[in-house]
Amino acid sequence: MKKVITYGTYDLLHEGHIRLLKRAKALGDWLIVGVTNDNFDRERGKLNVRNNVLERVEAVKATGLADQIVIEDYMGQKIDDILKYEVDIFAIGSDWEGKFDYLGEFCEVVYLPRTEGISSTMLRAETEKEIRIGVVGCGRIAQRFVPEATKVERAVVAGYYDTDRAAAERLAEESGVGNVYDSYEELVAAVDAIYIATPHLSHYEQSRYALEQGKHTLCETPLVLCREQAEELFALAKSKGVVLLEANKTAFCPAFTHLITLIKSGLIGDVVGVDASESKLWSEEKLRRELDPEMAGGSLYEMGSYPLLPIMKLLGTGYENINIYSRLNDNSVDVYTRGIMLYPNAVASFQLGLGVKTEGNLVISGTQGYAYVPSPWWKTDYFELRYEDQNRNKKYFYSWDEPGLRYEIREFLSCIVNGRIRSSRLTPEESIAMAGVMSQFAERKNLFEI
Ligand code: CTP
């Protein structure tokens with residue numbers, strides 16, 4: 001029996017799909033159709049697939065052309081499937097010409113001419129518009145954000161505002177898209193969503209204003225430095241029915257998300273400890289803003305939300321107490337901070353340095369094993385699960401696409417497009433609890449100088 005396999009998303013099943021399936025089936029006696037899973041599509045940047053995987057499977061089934069349907073879940077699965085099902089022919093539309101030649105080692109590869117004039121993207125585009133994003137604060141991080149936005153379907157950077165107009169003009173010119181506005185209010189009025197990349201102390205006012213105007217808001221981390229402000233902003237977003245998301249890039253990257261789901265599935269037993277660190281040993285010149293007391297400088301404000309992320313995701317937001325130990329410089333800015341958080345059945349710790357260097361890894365200790373993520377763990381692309389019996393140890397490899405902002409933009413757009421105002425990858429409660437740690441630090445509560 002000659003087996004043929006083909007893959008696709010098959011969203012809004014159309015004539016092009018059906019013709020492809022017919023011709024693929026005619027190549028052999030048994031047709032296997034791989035339908036991409038929702039998560040897999042999201043990771044590939046396809047955010048706006050209309051039908052979920054079950055609906056898409058049903059649609060393919062209803063054509064009566066597939067003898068077998070499989071779900072495509074991960075990169076590299078095509079080779080696994082070809083070997084597992086002893087496939088003779090891999091068939092795909094000619095829009096992929098050349099892209100799957102590597103499968104020729106395992107079976108015959110056939111590119112079938114694509115049907116002109118129709119695609120799922122086209123059908124979706126008829127009813128969907130772009131999301132126009134306005135950028136406020138045109139410094140280092142915004143310069144990385146703008147090219148990253150081009151990697152996300154439907155995201156369009158449409159405008160800029162900066163108190164230093166020349167910085168906004170430079171960014172607009174470099175990116176070749178979007179207008180420069182004379183005021184923040186004008187920028188907000190002109191777009192669907194706002195990305196806030198200004199210094200920490202502007203975040204609250206700017207987020208509040210954008211949300212009040214009914215605009216989706218992606219705000220750089222830390223969102224705010226005070227718990228009440230975070231609560232107020234999320235309540236405002238909810239009442240306006242818009243998305244407010246803290247741009248903590250690690251929270252949305254595929255490897256970190258997978259690490260969290262593996263651990264929540266019990267692969268290392270109960271989590272009893274989370275230890276995470278991050279430090280920068282840059283020149284004083286480069287750290288000028290980060291160490292400026294007038295701009296809420298210091299290692300906790302600057303980087304604290306990163307180690308707090310795995311702590312809160314795995315142990316929750318309900319810690320019993322937190323002690324903070326800091327080395328403050330002459331301006332009372334913390335250049336090194338260590339925090340210890342006590343939970344009902346677990347303890348977490350973090351170390352942060354600005355002008356102090358330390359190992360930047362993440363270790364999650366459990367009753368059956370531990371997870372180890374080497375430095376720089378916040379750009380997660382690799383981790384290991386380790387056990388007493390080393391034969392059980394497992395290594396997980398991924399890629400991190402520098403500078404990694406596309407993941408948060410993808411999540412932001414996905415929330416907007418799908419009408420989800422909360423992200424499970426970084427929930428409002430987690431952002432609020434992180435702001436709570438910042439509040440405690442600001443109030444110098446349980447703070448010990450070293
Ligand atoms: N296909 C085709 N002719 C079309 C559209 C799709 O032959 N007009 C083929 C693709 O080449 C692929 C299969 O149908 O082999 C499934 O493709 P899929 O990516 O699901 O469909 P598209 O309509 O191309 O979807 P999108 O626009 O979201 O990429």
Side-chain angles (χ1 to χ4, degrees), residues 2-28 30-82 85 87-104 106-131 150-156 406 409-410 413-414 416-418:
K2 212 178 207 182
K3 287 188 174 179
V4 182
I5 198 162
T6 187
Y7 294 85
T9 305
Y10 302 103
D11 190 30
L12 305 174
L13 197 90
H14 55 67
E15 190 52 33
H17 294 142
I18 294 170
R19 290 197 56 223
L20 185 285
L21 292 176
K22 271 189 191 153
R23 284 172 294 151
K25 190 173 172 80
L27 293 173
W30 185 261
L31 177 66
I32 307 174
V33 181
V35 178
T36 47
N37 208 350
D38 298 328
N39 268 343
F40 186 58
D41 270 325
R42 265 178 57 151
E43 305 305 359
R44 297 190 306 153
K46 278 197 172 186
L47 301 174
N48 50 352
V49 170
R50 284 285 185 80
N51 302 131
N52 67 36
V53 64
L54 293 178
E55 292 164 339
R56 292 183 281 114
V57 165
E58 281 309 313
V60 170
K61 218 185 256 172
T63 64
L65 295 165
D67 297 294
Q68 187 179 349
I69 297 180
V70 296
I71 308 283
E72 187 182 22
D73 247 329
Y74 59 89
M75 294 295 277
Q77 186 179 326
K78 291 187 177 75
I79 295 177
D80 284 347
D81 287 345
I82 289 167
Y85 302 116
V87 166
D88 301 288
I89 299 176
F90 170 89
I92 195 96
S94 53
D95 43 326
W96 296 96
E97 188 80 48
K99 296 263 173 32
F100 291 104
D101 289 357
Y102 69 93
L103 295 174
F106 306 96
C107 67
E108 189 186 338
V109 176
V110 175
Y111 298 101
L112 296 165
R114 190 180 157 89
T115 307
E116 293 303 319
I118 183 144
S119 78
S120 307
T121 308
M122 221 161 101
L123 293 176
R124 288 189 299 255
E126 284 169 9
T127 52
E128 284 172 357
K129 62 178 186 71
E130 297 165 337
I131 306 292
T150 63
K151 307 278 192 310
V152 181
E153 217 176 290
R154 292 181 64 189
V156 174
R406 68 192 66 178
I409 306 174
R410 226 173 251 174
L413 268 279
S414 168
I416 297 172
V417 167
N418 297 305

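Every number for a ligand or one of its atoms is a count from 1 in the order of the listing.
Tyr111 places a side-chain N or O within donor-acceptor distance of the main-chain N or O of Gly98, the cut-off being under 3.5 Å. With Thr6 contributing its side chain and Ala91 its backbone, the two residues share a donor-acceptor pair below 3.5 Å. Side chain of Asn51 to backbone of Asp11: no donor-acceptor contact under 3.5 angstrom is found. A donor-acceptor pair is defined here as one N or O able to donate and one able to accept, closer than 3.5 Å; such a pair exists between the side chain of Arg23 and the backbone of Pro113.
Ligand 1 is never approached by Glu15 to a heavy-atom distance shorter than 4.0 Å.
Backbone and side-chain nitrogen or oxygen atoms of Arg114 are examined, and one is located within less than 3.5 angstrom of a nitrogen or oxygen of ligand 1. Not a single N or O atom of Gly8, backbone or side chain, sits closer than 3.5 Å to an N or O atom of ligand 1. Checked against a 3.5 angstrom limit, the closest N/O atoms of Thr6 and ligand 1 fall outside it. Backbone and side-chain nitrogen or oxygen atoms of Tyr10 are examined, and one is located within less than 3.5 angstrom of a nitrogen or oxygen of ligand 1. Every N/O-N/O distance between Trp96 and ligand 1 stays at or above 3.5 Å. Below 3.5 Å of separation, one finds an N or O of Arg124 facing an N or O of ligand 1.
Ring geometry for Trp96 against Phe100 counts as tilted: the plane angle lies between 30° and 60°, on a 0 to 90° scale.
Rounded to the nearest 0.5 Å, atoms CD1 (Ile71) and CG (Leu54) are 7.0 Å apart. The CD1 atom of Ile118 lies 9.5 Å from the CG atom of Leu12; values are rounded to the nearest 0.5 Å.
Looking at atom 27 (O) of ligand 1, its nearest protein heavy atom turns out to be Thr121 OG1, 2.3 Å. Here the heavy atom of the protein found nearest to atom 29 (O) of ligand 1 is Lys46 NZ, 3.2 Å. At the shortest separation from atom 18 (P) of ligand 1 among protein heavy atoms lies His17 NE2, 3.7 Å. For atom 15 (O) of ligand 1, the nearest non-hydrogen atom of the protein is Gly93 N, 3.0 Å.
At a threshold of 4.0 Å, the pair Arg56-Asp38 counts as salt-bridged, since one of the basic side-chain nitrogens sits closer than that to a carboxylate oxygen.
For ligand 1, the atoms sitting less than 4.0 Å from at least one non-hydrogen atom of Ser119 are 23 (O), 27 (O), numbered in the order shown with element in parentheses. Close approach of ligand 1 to Asp95 is summarised as follows: ligand atoms under 4.0 Å from at least one heavy atom of the residue are 10 (C), 11 (O). Annotation for ligand 1: atoms under 4.0 Å from non-hydrogen atoms of Ile92 are 15 (O). Distances below 4.0 Å separate heavy atoms of Thr9 from the following atoms of ligand 1: 18 (P), 20 (O). Close contacts of ligand 1 with Ile118, meaning ligand atoms under 4.0 Å from a residue heavy atom, involve 4 (C), 5 (C), 8 (N). Listed by atom number, the atoms of ligand 1 under 4.0 Å from Ser120 heavy atoms are 21 (O), 22 (P), 23 (O), 25 (O), 26 (P), 27 (O), 28 (O).
Shown here are the salt bridge (Lys or Arg N to Asp or Glu O under 4.0 Å) partners of Lys99, two or more places apart in sequence or in another chain: there are none.
With distances taken over non-hydrogen atoms, the option nearest atom 9 (C) of ligand 1 out of Leu20, Leu112, Leu123 is Leu20.
Nearest heavy atom pair, residue Val60 against residue Val35, reads CG2-CG2, 4.2 Å.
Residue contacts with ligand 1 for Glu116 are absent, since no atom lies close enough (heavy atoms, distance under 4.0 Å).
In this structure, Lys3 forms no cation-pi arrangement with Tyr85, as its terminal cationic atom is not both closer than 6.0 Å to the ring centre and no more than 45° off the ring axis.
Leu20 is not listed as a side-chain neighbour of Thr115, based on a closest heavy-atom distance of 4.5 Å or more.
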